[in-house]
Amino acid sequence: MSIYTLRHFQAPGRAEPCKAILDYTGAKWTLETPQWPQEKVNQPVGKLPVLVETNKDGTRFVLSDSLAIEQYLVCKYNLCVPEQDRQLVARQMELRNQLNDLFQMTQLIVHVNEPTTRTNFIQLFMTLAKDVVAYQEKWLRENGSTGHYFGNKTTYVDLALIGTMCALRVTLKDMPEMLEPFNKKNAPMMNNIIATMEKDAKLTKYVSNCKC
């Protein structure tokens with residue numbers, strides 16, 4: 001059995017879906033928080049997260065980029081939609097990438113100090129959030145409001161959602177109005193998935209550790 005080390009900062013961020021996937025699969029893993037920026041030079045392309053997989057024979061597989069890590073893990077642990085259905089695979093990535101776009105936008109907001117630029121980014125985020133929620137809510141209704149994105153079992157995007165929302169809630173904790181598009185009134189189907197994930201015994205550790 002492989003052993004994983006996930007390198008990332010202590011605070012919730014872009015690695016949250018990776019953590020949720022690792023916990024859900026029951027993988028043996030630990031979080032490593034490198035000294036930053038001192039250890040930046042030791043990371044592939046100088047950024048986090050990084051996944052280090054140590055195989056039974058001692059060989060290691062090192063992978064950077066959060067989305068690449070997610071896709072590797074969900075494929076390895078059979079959490080993807082059927083690969084022979086190319087349209088469904090494309091839909092899976094569309095929905096996942098929409099969630100990633102939301103998180104990426106928050107990073108622009110929190111790291112920009114110029115007031116006008118910051119205000120513009122906030123407006124762009126709010127528009128994007130409303131559009132993403134409307135699109136995903138429609139998809140979830142078409143899926144039968146099952147508490148999952150695809151069928152009636154947990155797959156990649158379900159885990160990506162709970163991880164992304166954890167990261168958004170922490171990142172935007174001082175701007176709660178920016179979370180309004182995701183409340184139960186505006187996003188009931190998405191919140192139903194989150195409730196389903198929070199009740200899953202496989203995610204008990206993740207839910208308790210995520211400061212949502």
Side-chain angles (χ1 to χ4, degrees), residues 3-25 27-53 62-74 96-114 117-118 121-122 124-126 128-129 132 156-183 187 190-191 193-195 197-198 200 202-212:
I3 298 174
Y4 302 94
T5 300
L6 183 64
R7 297 177 189 159
H8 198 250
F9 306 110
Q10 191 67 44
R14 69 181 74 251
E16 287 308 306
C18 300
K19 295 177 186 177
I21 293 165
L22 286 165
D23 276 351
Y24 182 81
T25 60
K28 186 175 182 180
W29 73 281
T30 56
L31 178 66
E32 180 181 288
T33 53
Q35 292 295 313
W36 209 260
Q38 297 92 320
E39 293 186 44
K40 180 176 181 178
V41 68
N42 297 323
Q43 315 308 322
V45 300
K47 67 175 187 177
L48 300 175
V50 171
L51 181 75
V52 180
E53 179 180 13
V62 180
L63 186 65
S64 68
D65 186 86
S66 56
L67 291 179
I69 294 168
E70 291 173 24
Q71 290 170 43
Y72 172 67
L73 291 172
V74 295
R96 173 62 190 109
N97 289 344
Q98 288 174 355
L99 298 175
N100 187 57
D101 288 345
L102 290 169
F103 178 78
Q104 296 282 68
M105 184 66 72
T106 66
Q107 299 309 288
L108 294 175
I109 293 167
V110 299
H111 291 106
V112 169
N113 294 319
E114 201 283 315
T117 302
R118 185 181 175 88
F121 280 146
I122 289 173
L124 288 171
F125 175 85
M126 295 303 289
L128 177 63
V132 167
Y156 178 18
V157 190
D158 299 325
L159 297 166
L161 175 64
I162 192 172
T164 300
M165 288 310 303
C166 176
L168 290 180
R169 288 168 182 159
V170 172
T171 303
L172 301 175
K173 64 182 183 299
D174 296 325
M175 296 175 278
E177 68 280 359
M178 294 182 62
L179 292 170
E180 289 182 5
F182 311 103
N183 64 28
M190 295 173 77
N191 277 276
I193 291 175
I194 293 170
M197 296 296 97
E198 290 177 341
D200 194 317
K202 295 179 182 179
L203 288 170
T204 299
K205 177 184 173 183
Y206 178 76
V207 172
S208 65
N209 287 340
C210 186
K211 298 167 184 159
C212 300

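The figures that follow rest on heavy atoms only: side chains count, while hydrogens, waters and symmetry mates do not. The chain is numbered in sequence order, starting from 1.
At least one donor-acceptor pair closer than 3.5 Å links the side chain of E114 to the backbone N or O of T117. Not one N or O on the side chain of T164 forms a donor-acceptor pair closer than 3.5 Å with the backbone of L161. In this structure, the side chain of N183 engages the main chain of E180 through a donor-acceptor pair within 3.5 Å. In this structure, the side chain of N191 engages the main chain of F182 through a donor-acceptor pair within 3.5 Å. Counting only distance, with no hydrogens or angles, the side chain of R118 and the backbone of I109 share a donor-acceptor pair below 3.5 Å. Between the side chain of Q104 and the backbone N or O of N100, no donor-acceptor pair lies under 3.5 Å.
H8 and G13 get closest at one heavy-atom pair: CE1-CA, 4.1 Å. Of all non-hydrogen atoms in A68 and L63, the two that sit nearest each other are O-CD2, 3.6 Å. Taking both residues in full, the closest heavy atoms of L203 and A20 are given as CD2-O, 3.6 Å, listed atom of the first, atom of the second, then distance. Minimum heavy-atom separation, E16 to P12: OE2-CA, 3.2 Å. Between Y206 and K19 the shortest heavy-atom distance is CE1-CB, 3.8 Å. What you find for P181 and A187 is that their closest heavy atoms are O-CB, 3.8 Å.
Taking CG from L102 and CG from N97, the interatomic distance works out to 11.0 Å, rounded to the nearest 0.5 Å. Residue K47 holds its NZ atom at 4.5 Å from CG of D65, rounded to the nearest 0.5 Å. Separating the OG1 atom in T5 from the CD atom in E53 is a distance of 10.5 Å, to the nearest 0.5 Å. Expressed to the nearest 0.5 Å, how far CG of L48 lies from CZ of F9 amounts to 4.5 Å. In this structure, CD1 on I194 lies 10.5 Å from CG on D158, to the nearest 0.5 angstrom. Interatomic distance, L108 CG to F121 CZ, rounded to the nearest 0.5 Å: 4.5 Å.
The shortest side-chain heavy-atom distance between T171 and F103 falls under the 4.5 Å cut-off. In this structure, the side chains of D23 and L159 stay at 4.5 Å or more apart for every pair of heavy atoms. Residues Q43 and S64 fail the side-chain proximity criterion, which asks for heavy atoms closer than 4.5 Å. Using a 4.5 Å heavy-atom cutoff, the side chains of R7 and E39 are not in contact. Looking at heavy atoms from C-beta onward, P34 lies out of side-chain contact with N42 at the 4.5 angstrom threshold. At least one side-chain heavy atom of I21 sits less than 4.5 Å from a side-chain heavy atom of T25.
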Item checked: Working for side-chain contact (heavy atoms from CB on, under 4.5 Å), residues C18 and L6 -> CA-CA 8 Å; C18 300; L6 183 64; 4.2 Å; yes
Checklist line | side-chain contact (heavy atoms from CB on, under 4.5 Å) evaluation trace for I193 with M165 | finding: CA-CA 11 Å; I193 291 175; M165 288 310 303; over 6 Å; no
Next item on the list: Just do the side-chain contact (heavy atoms from CB on, under 4.5 Å) check on L31 and Q10 with the steps written out, would you?
Entry: CA-CA 8 Å; L31 178 66; Q10 191 67 44; 4.2 Å; yes
Next item on the list: Evaluate side-chain contact (heavy atoms from CB on, under 4.5 Å) for Q71 paired with L67, printing each intermediate quantity in order.
Entry: CA-CA 6 Å; Q71 290 170 43; L67 291 179; 3.9 Å; yes
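For the pair R96 and E70, the salt-bridge criterion is met [side-chain N within less than 4.0 Å of a carboxylate O].
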